[in-house]
Asks: 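Below is a structure I'd like to ask you about.
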Amino acid sequence: MSYSIGVIGTGYVGLVSGTCFAESGNSVLCVDIDAQKVEKLQNGILPIYEPDLDHLLERNIKKNRLHFTTDLAKAVHQCPILFLCLPTPPDEDGSADLQYVLNAAADIAKILERDGIKEPRILVNKSTVPVGTTEKVRSVVRGITSATVEVVSNPEFLREGFAVEDFMKPDRVVVGTSSKFAEETMRDLYEPFVRSGNPIYVMDEKSAEITKYAANSFLAMRISFMNDLSNYCEAVGADIENVRIGIGSDSRIGKRFLFSGIGYGGSCFPKDVKALIHSTDMAEKPLKIMKAVEDVNYEQIVRFTNRIIDRFGTVSGRHFALWGLAFKPNTDDTREAPAFKIIERLLEEGASISSYDPEAFENTKRIFEDRITYATSAIETLINADALIIATEWNEFRKPDFSEVKKTLKEPIIFDGRNLYELHTMENAGFEYHSIGRRTILPNR
Ligand SMILES: NC(=O)c1ccc[n+]([C@@H]2O[C@H](COP(=O)([O-])OP(=O)(O)OC[C@H]3O[C@@H](n4cnc5c(N)ncnc54)[C@H](O)[C@@H]3O)[C@@H](O)[C@H]2O)c1
């Protein structure tokens with residue numbers, strides 16, 4: 001059956017979820033407090049870059065199944081299922097700041113109470129939240145209204161850059177609830193997305209909440225493990241890429257999330273690792289391993305930037321080309337982007353930077369304004385640059401015309417934070433090439 005669904009918060013998760021629910025035949029009303037964003041969306045303009053989302057948005061707006069508003073009351077009136085897709089940024093102590101989620105839940109409850117709405121509502125939390133939040137939301141709602149509201153945990157596992165694909169064909173759907181009514185509704189709602197046989201796991205809400213943090217923290221742990229190991233490989237003359245291939249083909253380990261680089265960033269891993277550390281500390285069951293994961297991640301980017309600075313003695317007055325600003329390819333999201341940490345440090349040290357990214361200029365300009373320059377192509381950044389730095393593995397950086405790169409740079413030096421190129425290619429092309437966990441290529445030596 002199809003449902004009327006309200007999605008509160010129309011960012012990366014809310015917009016993708018809302019659009020995909022509309023695509024499967026539901027009537028969806030997305031709510032956001034950002035009036036400019038809502039206006040853009042009403043006109044079919046995507047405020048973010050996410051592959052495949054544009055045509056889904058267009059189609060579902062045309063079919064009259066997808067609407068956008070700033071009016072929360074409209075959604076509370078029209079929609080028996082309300083999804084919370086709100087930010088949960090880190091507070092100063094690393095804990096997840098729940099104000100957006102709890103305030104929205106309170107606002108919904110006030111509208112139900114004020115307008116005497118008696119039909120039951122299912123309030124589904126999709127934001128990443130610490131254990132106990134579903135209970136907190138329930139108690140906020142019950143403190144305000146006697147209306148029937150089932151509060152459900154439904155963590156989201158989509159990856160930016162593959163968000164539509166992940167939402168349409170999830171590896172699994174996790175639902176935390178003990179309500180039969182909520183369980184049946186959620187199973188029915190998600191049924192079109194799991195036709196290929198992937199599971200819907202219904203569990204207690206606390207386990208559902210922890211599952212999300214555990215998934216992201218585990219993936220962050222794999223990245224930090226490989227980054228830590230890459231430093232050892234460099235020190236003893238081994239090659240992390242060979243080690244990666246060697247362990248990744250073991251089916252117990254698997255090939256994914258084994259790439260060493262300049263550390264994880266983005267809107268999820270850094271904050272979710274912090275939040276899990278905080279929650280486990282509070283429970284006096286500290287997850288020591290996650291503190292190490294965080295330390296390694298911090299040191300990795302510092303080490304990479306130091307390497308650039310040490311190569312020149314001082315970078316004051318030096319000019320660098322930087323390829324890649326988004327925290328990973330196929331997104332315009334620059335939250336906690338490693339590139340930003342490199343930029344901050346090099347600017348502090350007196351260097352100048354010309355940058356290029358296929359999608360992330362708008363978000364970068366908001367932070368750096370005219371402190372760096374923005375080139376119209378990857379090659380343009382290289383003009384007068386003392387070296388090229390690669391921070392994001394966009395496909396278009398994988399096979400550049402190396403003779404043009406060499407000709408355009410002042411000196412043929414590359415610092416590759418993503419191991420995009422084969423060592424022998426760099427050797428043959430005559431570059432000085434610094435990468436992660438592999439020997440440095442020094443021409444003419
Ligand atoms: N981005 C991801 O890849 C991803 C993946 C899985 C889970 N998550 C989790 O999902 C949650 C949302 O993440 P996101 O990346 O979509 O965030 P986001 O910052 O992109 O979007 C949040 C949206 O909520 C809006 N908003 C804030 N307060 C509001 C209110 N009171 N009413 C209506 N709208 C309001 C903001 O204007 C913004 O558009 C977070 O908890 C995050 O950890 C994110």
Side-chain angles (χ1 to χ4, degrees), residues 6-20 29-41 46-51 53 68-76 79 82-91 95-111 123-130 133-134 137 140 153-167 170-171 173-174 208-209 211-217 219-220 264-276 326-328 330-337 363 366:
V7 175
I8 323 302
T10 313
Y12 286 86
V13 168
L15 183 55
V16 172
S17 309
T19 308
C20 293
L29 181 56
C30 292
V31 184
D32 207 287
I33 46 167
D34 183 338
Q36 269 184 344
K37 188 181 268 192
V38 168
E39 198 187 327
K40 270 189 176 174
L41 286 163
L46 267 184
I48 55 169
Y49 173 74
E50 186 58 51
L53 191 55
F68 298 92
T69 182
T70 53
D71 184 1
L72 177 65
K74 207 170 160 186
V76 176
C79 308
L82 295 158
F83 278 87
L84 300 179
C85 302
L86 295 160
T88 47
D91 230 331
S95 63
D97 180 353
L98 293 177
Q99 61 165 317
Y100 299 91
V101 169
L102 297 179
N103 289 344
D107 290 345
I108 290 168
K110 282 177 201 160
I111 295 164
L123 186 54
V124 188
N125 182 42
K126 239 189 198 314
S127 299
T128 302
V129 292
T133 303
T134 309
V137 169
V140 164
S153 165
N154 172 218
E156 180 51 56
F157 299 94
L158 63 77
R159 296 162 297 166
E160 286 177 22
F162 299 90
V164 170
E165 187 186 325
D166 286 349
F167 198 93
D171 287 345
V173 174
V174 170
E209 289 165 333
T211 298
K212 174 63 194 176
Y213 280 111
N216 275 2
S217 297
L219 294 171
Y264 58 79
S267 67
C268 293
F269 284 12
K271 86 171 169 63
D272 293 349
V273 166
K274 270 192 176 36
L276 187 60
F327 84 92
K328 66 173 184 179
N330 299 320
T331 180
D332 62 347
D333 198 343
T334 53
R335 290 176 281 187
E336 297 281 331
N363 287 331
R366 225 172 280 144

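Numbering of ligands and ligand atoms starts at 1, following listing order.
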Asks: Among D32, V16, D34, which one has a heavy atom closest to atom 36 (C) of ligand 1?
Replies: D32
Asks: Taking non-hydrogen atoms only, is Y100 closer than 4.0 angstrom to ligand 1 via side chain, backbone, both or neither?
Replies: side chain
Asks: Applying a strict 4.0 Å limit to heavy atoms, is S267 in contact with ligand 1?
Replies: yes
Asks: Would you mind listing which atoms of ligand 1 come within a distance below 4.0 Å of any non-hydrogen atom of P87?
Replies: 22 (C), 24 (O), 27 (C)
Asks: Which one of V101, L72, L86, L15 has a non-hydrogen atom at the shortest distance from atom 35 (C) of ligand 1?
Replies: L86
Asks: Is there a donor-acceptor pair under 3.5 Å between the side chain of E50 and the backbone N or O of V164?
Replies: no
Asks: Pick, from L158, T70, L98, the option with the minimum heavy-atom distance to atom 5 (C) of ligand 1.
Replies: L158
Asks: If we set the cut-off at 4.0 Å for heavy atoms, which region of K37 has an atom near ligand 1: side chain, backbone, both, or neither?
Replies: side chain
Asks: Among pairs that include at least one residue of residues 95-106, which meet side-chain hydrogen bond (donor to acceptor under 3.5 Å, both in side chains), considering only residues two or more places apart or in two chains?
Replies: D93-S95, D97-Q99
Asks: For K212 and ligand 1, answer yes if some heavy atom of the residue is under 4.0 Å from a ligand atom, otherwise no.
Replies: yes
Asks: Would you mind running through ligand 1 and noting each atom that sits below 4.0 Å from a heavy atom of T88?
Replies: 40 (C), 41 (O), 43 (O)
Asks: Just let me know how C268 lines up against ligand 1, side chain, backbone, both or neither, with a heavy-atom cut-off below 4.0 Å.
Replies: side chain
Asks: Classify the contact between R335 and ligand 1 as side chain, backbone, both or neither, using a heavy-atom distance cut-off of under 4.0 Å.
Replies: side chain
